[in-house]
Structure formats: C-alpha cells, structure tokens
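Everything on this sheet refers to the single structure shown next.
All chains are named by letter (A, B, ...) in the order of the sequence lines, taking the proteins before the strands, and each is independently numbered beginning at 1.
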Amino acid sequence: MSSTFGRIHATVARIPPGCVATYGDIALHLGMPHGARTVGWAMRQCPQGLPWHRVINAEGKSSLRGKSRERQYTLLAQEGVVTDRRGRIDLEQYRWQEI
DNA sequence: TGCGTGACTTGAC
DNA sequence: CGTCAAGCCACGC
C-alpha cells in the first residue's frame with residue numbers, strides 16, 4: 001500500500017469516531033497541498049470498513065448528493081457529530097487534530 | 001504518452 | 001452571501 005491511493009485510505013481509516021477531516025486536510029497530511037480532488041477521487045472507491053462518512057469538504061458539509069448525503073449525516077450523528085442550524089459541521093470543534 | 005474526469009479549494013465579482 | 005473560474009493530482013483509456 002505505498003500508492004497514493006492506499007495512503008489516502010490508510011489515513012481515512014485512522015480518523016477516530018466522533019471526529020471529521022476535510023479532503024484538504026488529508027491531502028495536506030500526505031504532502032499534497034492541492035491534492036484534495038485526488039482524495040475525493042480515491043474516496044469514490046469507498047472500500048468497505050472505511051469510515052468514509054468522516055470525510056467532509058472545507059465548508060463543513062457533505063459533498064455527496066441524494067441519499068448518500070443523508071446517510072453520511074446519519075452516521076455522523078450516531079457518533080455525536082451534529083450540524084449547526086446552518087446545516088454545517090463545526091470544523092473547529094470536530095476536526096481531527098491528531099492528523 | 002496524452003487527455004478527460006472527479007465525494008475539492010480558494011480567490012474574484 | 002451566492003456564483004464563476006482556474007489550479008491541481010492521480011487514475012483509466
């Protein structure tokens with residue numbers, strides 16, 4: 001798993017319950033300051049067992065559409081991650097800091 | 001080897 | 001505060 005693809009998945013797998021990370025954060029952690037899109041591209045694979053729902057965009061929202069988006073918010077809510085009245089997740093509060 | 005595509009981000013208008 | 005455009009990276013064809 002030395003490919004960028006594998007490193008992205010490995011990083012996402014490390015996100016603890018109750019926390020979230022943005023695509024940009026993960027990309028930056030892997031040394032790609034502008035590789036946020038690559039992270040999203042890798043997440044499209046969605047390997048089973050990966051906490052994909054803990055990955056959101058820089059706006060604090062889900063980048064998914066339709067039903068998948070609702071499922072992501074539901075899973076996050078089950079971990080205690082709630083959205084503010086504007087429908088956004090407070091990154092200052094839930095952002096994974098041990099990255 | 002080269003081009004299109006995408007679960008992004010940021011800066012202008 | 002909403003919309004638009006450009007930049008950037010890896011992968012598949």
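If you take CG of A:L75 and P of B:dA7, they are 19 Å apart, rounded to a whole angstrom. Nucleotide B:dA7 holds its C1' atom 12 Å from the CZ atom of A:F5, rounded to whole Å. Protein atom CG of A:L64 is 13 Å distant from nucleotide atom C1' of B:dC8, rounded to whole Å. Atom C1' of nucleotide B:dG6 and atom CE of A:M43 are separated by 14 Å, given to the nearest angstrom. Straight-line distance from the NE2 atom of A:H9 to the C1' atom of C:dA10: 12 Å, rounded to whole Å. Rounded to whole angstrom, the span from the CD atom of A:E59 across to the C1' atom of C:dT3 amounts to 12 Å.
With distances taken from any side-chain atom of A:N57 to the nucleotides C:dC11, B:dT9, B:dA7, the minimum falls on B:dT9.
No donor-acceptor pair under 3.5 Å is formed between the side chain of A:E79 and the backbone N or O of A:P17. Under the 3.5 Å distance criterion, the side-chain polar atoms of A:H9 are matched with a main-chain donor or acceptor of A:A42.
Across the interface with DNA chain C, nearest-nucleotide mapping of A:R86 and A:Q45 shows A:R86 to be the residue nearer the 5′ end.
Atom CZ of A:R95 has 12 or fewer neighbouring heavy atoms from other residues, nucleotides or ligands inside a 6.0 Å radius.
Look at the P atom in both C:dC8 and B:dA12: the space between them is 15 Å, to the nearest Å.
A heavy atom closer than 4.0 Å to some atom of DNA chain C occurs in A:M32, A:H34, A:G35, A:R37, A:T38, A:W41, these being the qualifying members of residues 13-41 of chain A.
Minimum heavy-atom separation, A:A27 to A:G35: CB-C, 3.5 Å.
For B:dA7, there is no paired nucleotide, since no Watson-Crick or G-U wobble pair has both relevant distances below 3.5 Å.
Here A:E98 does not pair with A:R14 in a salt bridge; the nearest charged N to carboxylate O distance is not below 4.0 Å.
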* Asked: A:Y73 and A:L64: side-chain contact (heavy atoms from CB on, under 4.5 Å), yes or no, with the steps?
  -> CA-CA 10 Å; A:Y73 283 127; A:L64 294 172; over 6 Å; no

